[in-house]
Protein chains: 2
Amino acid sequence: MTVPLEPFGKARGERADAARNRERLLAAAREMIAEQGTAQVTMDGLAERAGLGKGTVFRRFGSRAGIFQALLDDDERRFQERVLSGPPPLGPGAGPADRLIAYGSARIPFLLEHHAIARAAVDRALPVPAGAASMTQPHIRVLLGLAGLPPDRVYGLSVQLTAALEGPLLLYLAQDEIPAPPAPDDPDPLVDGWRFLVERLLAD
Amino acid sequence: MTVPLEPFGKARGERADAARNRERLLAAAREMIAEQGTAQVTMDGLAERAGLGKGTVFRRFGSRAGIFQALLDDDERRFQERVLSGPPPLGPGAGPADRLIAYGSARIPFLLEHHAIARAAVDRALPVPAGAASMTQPHIRVLLGLAGLPPDRVYGLSVQLTAALEGPLLLYLAQDEIPAPPAPDDPDPLVDGWRFLVERLLAD
DNA sequence: ACAATAAGCGGGGTAAAGTCCGTTTAGAGT
DNA sequence: ACTCTAAACGGACTTTACCCCGCTTATTGT
């Protein structure tokens with residue numbers, strides 16, 4: 001009776017060579033972005049750099065935007081862990097208002113750091129910058145519910161707050177408009193605005 | 001002493017043939033969208049339909065997204081007039097809170113009607129869905145100022161509220177998720193959410 | 001070991017966006 | 001009317017995302 005002993009952590013049916021190639025492609029993509037920016041990442045160029053065929057790139061990621069989403073997901077997973085099981089107030093243990101504020105305060109710098117990649121992951125074909133971003137809205141929804149807002153408003157507000165939080169960095173702020181955080185612990189106007197918005201919204 | 005007598009209303013240096021061709025292209029685009037949807041509008045197809053060369057299309061609109069922005073601008077101008085000189089509370093004459101709410105209540109159906117075109121006008125190359133949308137954020141900023149919010153918060157909040165208002169329809173809602181307004185004067189959850197958000201934000 | 005097979009791979013092919021530059025023409029001045 | 005010039009035009013060309021499908025290979029069961 002042989003127990004397969006799945007190493008756990010890699011997708012069930014993924015073949016070893018496929019996993020290896022995916023890593024190669026992601027690494028190559030990171031290099032190209034670091035060297036020349038997201039705009040210069042072409043599917044042919046990426047394939048060549050990784051020493052693979054173009055078909056393989058599409059098999060892995062589906063589309064150009066998919067590559068950037070995969071890169072985001074990587075970092076996003078770590079971010080998610082801080083939210084789900086890190087110390088409060090970002091993690092569990094604080095009140096919903098504090099957690100909402102903490103979420104925005106962590107999310108905004110995260111998106112700032114990943115701004116170039118996040119923008120490149122937006123694609124007119126699919127509705128949501130997938131993977132990563134899909135965490136923000138459910139999380140906000142849960143916290144709004146815990147905060148005691150009228151239940152029939154919670155979903156709609158979670159959509160609008162998600163847009164308020166991520167929209168500026170995905171849609172409305174140009175690259176050079178992005179406020180460089182002057183000092184590490186300086187007040188960031190976006191973070192302040194978010195805090196103000198949440199405090200007012202949840203004020204009894 | 002000859003006075004040129006500019007007819008006023010058409011851009012200064014635009015040649016008559018250029019204006020005529022722009023109209024032709026916009027008309028052709030509208031037809032194609034009505035018949036087959038935005039996805040089927042190709043630059044070659046559009047040029048051929050309008051009986052023009054492809055170079056002309058790009059000279060006029062710069063990019064594919066530019067066409068949809070031009071289509072939006074057309075309707076947007078009319079919308080803007082209602083805001084700038086129509087009856088209150090959408091137009092001038094009401095208090096800032098009422099005007100903000102009225103703006104959202106008018107803006108959301110407007111974007112719903114134009115959803116397909118508005119989405120097609122979003123492009124990864126440029127920061128803002130140009131033209132049209134550029135009106136929302138300044139307008140909100142002015143009203144927030146009039147409402148007496150702390151001046152150093154007004155700009156940031158206007159960015160976030162703009163995203164809260166338009167983001168859902170541009171980014172986060174898929175085509176088939178769009179809630180069809182059940183009856184003409186039924187409560188729209190998006191509008192209600194907006195009202196709730198603004199009321200809470202401006203509550204003294 | 002070996003065979004069977006499902007998954008992965010590769011690169012040529014297609015379609016559509018965007019560029020370039022030689023040609024044409026509207027409109028102003030005379 | 002005629003000339004002149006800046007603007008507009010057109011379509012071939014380039015680049016790039018994305019598709020297709022015959023070939024290769026990792027994996028599993030015997």
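Chain identifiers are assigned alphabetically (A, B, ...) following the order of the sequence lines, protein sequences preceding nucleic acid strands; residue numbering begins at 1 within each chain. All values reported here derive from a predicted model rather than from experimental measurement.
Ranked by how close their nearest DNA chain C nucleotide is to the 5' end, B:Q40 and A:G55 are led by A:G55. Two residues, A:A39 and B:D44, neighbour DNA chain D, and the one matched to the more 5' nucleotide by heavy-atom proximity is B:D44. Comparing A:L52 and B:F58 by the nucleotide of DNA chain C that holds the closest heavy atom to each, the one mapping nearer the 5' end is A:L52.
Taking side-chain N and O atoms only, B:T56 has no distance below 4.0 Å to OP1 or OP2 of D:dA8. Contact check, A:R59 against C:dA7: no side-chain N or O comes under 4.0 Å of OP1 or OP2. Remark: B:N21 is in phosphate contact with D:dC9, judged by side-chain N or O atoms under 4.0 Å from OP1 or OP2.
A straight line from CD1 of A:I67 to C1' of D:dA17 spans 10 Å, rounded to a whole angstrom. The CG atom of A:D17 sits 6 Å away from the C1' atom of D:dA26 (whole-angstrom rounding). As a whole-Å value, the separation of B:K54 NZ from D:dA12 C1' is 9 Å. In this structure, B:M43 atom CE and D:dG10 atom P are separated by 14 Å, rounded to whole Å. We find that CD of A:E48 is positioned 15 Å from C1' of D:dT15, with the value rounded to whole Å. To the nearest angstrom, C1' of D:dC18 lies 17 Å from CZ of A:R60. Summarising the geometry, the separation between CZ on B:R22 and C1' on D:dA7 is reported as 15 Å, rounded to the nearest angstrom. One can place CZ of A:F61 at 14 Å from C1' of C:dG8, the figure rounded to the nearest angstrom.
A:V41 comes within contact range of the sugar-phosphate backbone alone, with a heavy-atom separation under 4.0 Å but no base atom that close. At the heavy-atom level, A:R64 lies under 4.0 Å from the strands shown only through sugar-phosphate atoms. B:R20 comes within 4.0 angstrom of no nucleic acid atom, judged by non-hydrogen atoms across all strands.
The pair B:E23-B:R60 does not meet the salt-bridge criterion, since no charged nitrogen lies less than 4.0 angstrom from a carboxylate oxygen. Contact check on A:R30 versus A:D74 returns a salt bridge, with a Lys/Arg side-chain nitrogen under 4.0 Å from an Asp/Glu carboxylate oxygen.
Here the two rings, on B:Y103 and B:F110, have centers that are 6.0 Å apart or farther.
Other residues, nucleotides and ligands contribute over 12 non-hydrogen atoms within 6.0 Å of the CD atom of B:Q36.
For a distance-only test at 3.5 Å, the side chain of B:R15 qualifies as a donor-acceptor partner of the base of D:dA7.
Annotation: cation-pi pair A:R107/A:F79 present, NZ/CZ under 6.0 Å from the ring centroid and within 45° of its normal.
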